[in-house]
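Just so it is clear, the values below take in all heavy atoms, side chains as well, and ignore hydrogens, waters and symmetry mates. Please read these numbers as outputs of a predicted model, since none were measured by experiment.
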Amino acid sequence: MSQVRVRFAPSPTGFFHIGSARTALFNWLYARHTGGKFILRIEDTDKARNTDESLRVLLEGMSWMGMDWDEGPEVGGDYGPYFQSQRQAIYDEYLQKLKDAGRTYEKDGAIWFKLEGERYTEYDDFKKAEVEKVKAAPVVIDDTVRGRVERAEEMDFVIVRKDGNPVFHFVNVVDDITMGITHVIRGEDHLSNTSKHVELFNAFGVKAPVFAHIPLILKESGPGKMSKRDKGALIEEYAQRGFLATAVRNYIALLGWNPKDEREKMDIDEIIELFDFPGINKGNSRFDEKKLSALNTEYLREMPIETYTWLARPILHSAGVIEEDADEDYIQSVLKLCQGKARGLDDLADFCRYFFQDDYTLDEKVGAKIAKKADPKELIAEILPVLEGVADFDADHLQASLEAHAESKGAKVFAYFPALRYALSGQGGGPDLLPMLAVLGQEQVLGRLKRFVG
RNA sequence: GUCCCGUUCGUCUAGCCCGGUCUAGGACACCUGGUUUUCAUCCAGGCAACAGGGGUUCGAAUCCCCUACGGGAUGCCA
């Protein structure tokens, strides 16, 4: 039992939930940190919901986040099959063990697990009925995150449904035993279930794995945990919205875990090296997309312009900003200006559209604000000849020419800037102005300004 | 209802195990100022928290108890 074996056991539902992703990530990180094995096991017993499409979403989500698995679908392994739907023979065998030990009975066509202890009946306020309960000895859960937790199971529970399908608690334990799982890292919502699981491990005469129940992710606002209908709950949406997988992964890692110092932005090797149980918090954490975005922006800002361009190009194309065959050099020179200013890839298209299309609209609010100081048309008309006269249309020469002109008028050069930007882009903000003119090019700039003056 | 888990700035968190160095640190957000051009940049500064009450102790964010609040479980869902 020297090597760590952890598993992520999702039920493919057609979504890859952020909470699941975080559970997967913690397992994966622990495996990589310890040099152990990360196993992907598919809990696909519910045939109605488990389609190929659902599985695909899951596997793609895992890959997108950079979580590779050592055993499981597509890669196989010595402890397979890795789909619960294919493990019936194993479940039959283990069910027999329980039967032989006298720990089961049938009722209403289902097979129940029998707790040991004195029986009594009691009115159950949740079930609104008189039920049979058992005074079972409390089970001890040795949880690495929470410490020693004691909980007594008080009712027998179903392990095989009347349709013959085994239920989660049973298969989960059997699979963990047969797959040699050493550490179970899962959401705190399973902590109460764990007493059932430990009862089963005990009944099989097997030492339970180490448990680590990690805090849940609460929805951004309002009560309760993140559910798939909440904004930001689905991993596949982040990919679509142009979020960086590295940023999402980094952010999620920080939800419920921290390296015990002030590091936040970390590359994956660093996280793997630092990740361990003592850094996991007990309290639930609330999802905060602003913080995720901030991290995402940081990653975006520091990447090489080539990578940035490679990422942005398809996004700009699908937003209708550029053509399929748009000039790479021009795109890159535009993006070079925008990379340090734009926040995310998702709003990049609107941020830089005017570089590629000259039918941009003028933001009237911005225009009104500028007009308070001076009529933008007059300002533009005034410097139009200056810009026409600039031989080398680069930022330095533009600066020099405009300054010279401003001086001759007894004005400051920046008096012209807001109007210039407004006329050229329709906006009030954007990349540095003079480099922007240079990238746009003299012909384009003059054309736009003439049109603006009317 | 019952059981289990939790509770430090608005949010993520450090500190808690091994009480004094905490007038509680960082980050995101927000606010202000600066960068004598825009800002969705950059820099500087600011706002802001130990849930409440009892103990224990010379001393408690740190240990114990109670209450409140939050979360979860209580499915022939996983």
Side-chain angles (χ1 to χ4, degrees), chain A residues 9-13 20 43-46 49 84 107-112 122-128 133 138 141 143 145-147 149-155 157-169 171-172 186-196 213 215-216 218 220-221 223-225 251 254-265 278-279 281-295 297 301 338-344 347 351 366 370 399 402 412-422 425 427-434 436:
Chain A
S11 167
T13 54
S20 304
E43 309 221 330
D44 60 345
T45 49
D46 185 343
R49 286 195 300 180
Q84 284 186 338
K107 191 174 86 181
D108 304 328
I111 300 173
W112 295 65
E122 187 180 74
Y123 178 77
D124 187 287
D125 201 50
F126 187 75
K127 286 191 165 62
K128 303 287 179 207
K133 293 195 173 176
I141 301 160
D143 194 289
V145 174
R146 278 145 222 289
V149 177
E150 273 191 32
R151 186 171 190 275
E153 211 40 55
E154 54 177 19
M155 274 187 275
F157 54 93
V158 172
I159 53 176
V160 179
R161 301 182 184 94
K162 67 177 154 213
D163 67 4
N165 285 123
V167 311
F168 163 73
H169 301 115
V171 294
N172 198 266
R186 57 174 22 162
E188 201 231 48
D189 47 344
H190 285 294
L191 185 56
S192 301
N193 290 147
T194 306
S195 43
K196 288 189 182 70
H213 286 94
L216 303 182
L218 268 24
E220 191 151 26
S221 57
K225 59 176 174 172
Y251 174 70
L254 257 14
L255 240 30
W257 172 82
N258 72 81
K260 298 286 176 195
D261 58 26
E262 272 148 25
R263 273 178 278 190
E264 289 198 329
K265 183 162 161 295
N281 296 119
K282 293 185 177 79
N284 295 338
S285 43
R286 201 168 282 281
F287 177 75
D288 181 11
E289 190 172 295
K290 287 218 178 88
K291 181 121 185 178
L292 199 207
S293 293
L295 247 190
T297 303
R301 294 264 162 86
C338 298
Q339 184 181 13
K341 299 282 182 175
R343 284 221 156 254
D347 50 3
F351 188 80
V366 174
I370 296 170
Q399 176 88 27
L402 288 169
K412 294 248 182 195
V413 67
F414 51 79
Y416 302 95
F417 280 30
L420 250 184
R421 176 187 299 284
Y422 178 59
S425 70
Q427 299 183 8
D432 290 335
L433 185 66
L434 268 10
M436 172 184 141

What contact category does [X] fall into here, base, sugar-phosphate, or nothing, at under 4.0 angstrom with non-hydrogen atoms?
X: A:A110; value: base
X: A:D347; value: base
X: A:L255; value: sugar-phosphate
X: A:H213; value: nothing
X: A:G340; value: sugar-phosphate
X: A:K162; value: base
X: A:G224; value: sugar-phosphate
X: A:D432; value: base
X: A:G187; value: nothing

Closest contact, heavy atoms only, A:Q84 versus A:D44
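Where A:Q84 meets A:D44 most closely, the heavy atoms are N-OD1, 3.2 Å.
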When every non-hydrogen atom of A:F287 is compared with those of A:L255, the smallest separation belongs to CD1-CD2, 4.4 Å
Whole-Å distance separating the [atom1] atom of [X] from the [atom2] atom of [N]:
X: A:L295; N: B:rU13; atom1: CG; atom2: P; answer: 13 Å
X: A:Y251; N: B:rA27; atom1: OH; atom2: P; answer: 17 Å
X: A:E188; N: B:rG70; atom1: CD; atom2: C1'; answer: 11 Å
X: A:K225; N: B:rG71; atom1: NZ; atom2: P; answer: 12 Å
X: A:D189; N: B:rG6; atom1: CG; atom2: P; answer: 15 Å
X: A:F168; N: B:rA78; atom1: CZ; atom2: C1'; answer: 6 Å

Integer angstrom distance from the P of B:rG45 to that of B:rC50
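Rounded to whole Å, the distance is 24 Å.
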For nucleotides B:rA51 and B:rU57, find the distance between their C1' atoms and express it as a whole number of Å.
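Roughly 23 Å separates the two C1' atoms.
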Does [X] put a side-chain nitrogen or oxygen below 4.0 Å from OP1 or OP2 of [N]?
X: A:K260; N: B:rA14; value: yes
X: A:R161; N: B:rA78; value: yes
X: A:S285; N: B:rU13; value: yes
X: A:R343; N: B:rU41; value: yes
X: A:N281; N: B:rU13; value: yes

Less than 5.5 Å between centroids and less than 30° between ring planes, does A:F126 satisfy that with B:rU74?
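So A:F126 counts as stacking on the base.
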Between the side-chain atoms of [X] and the base atoms of [N], is any donor-acceptor pair under 3.5 Å?
X: A:K341; N: B:rC39; value: yes
X: A:N193; N: B:rA78; value: yes
X: A:K291; N: B:rA27; value: yes

So that I can tick it off, tell me whether A:E153 and A:K133 are bridged by a salt bridge, with the cut-off set at under 4.0 angstrom between side-chain N and carboxylate O.
no
Applying ring pair (Phe, Tyr, Trp, His ring centres under 6.0 Å), can you list everything that pairs with A:F168, at least two apart in sequence or on another chain?
A:H190, A:H197
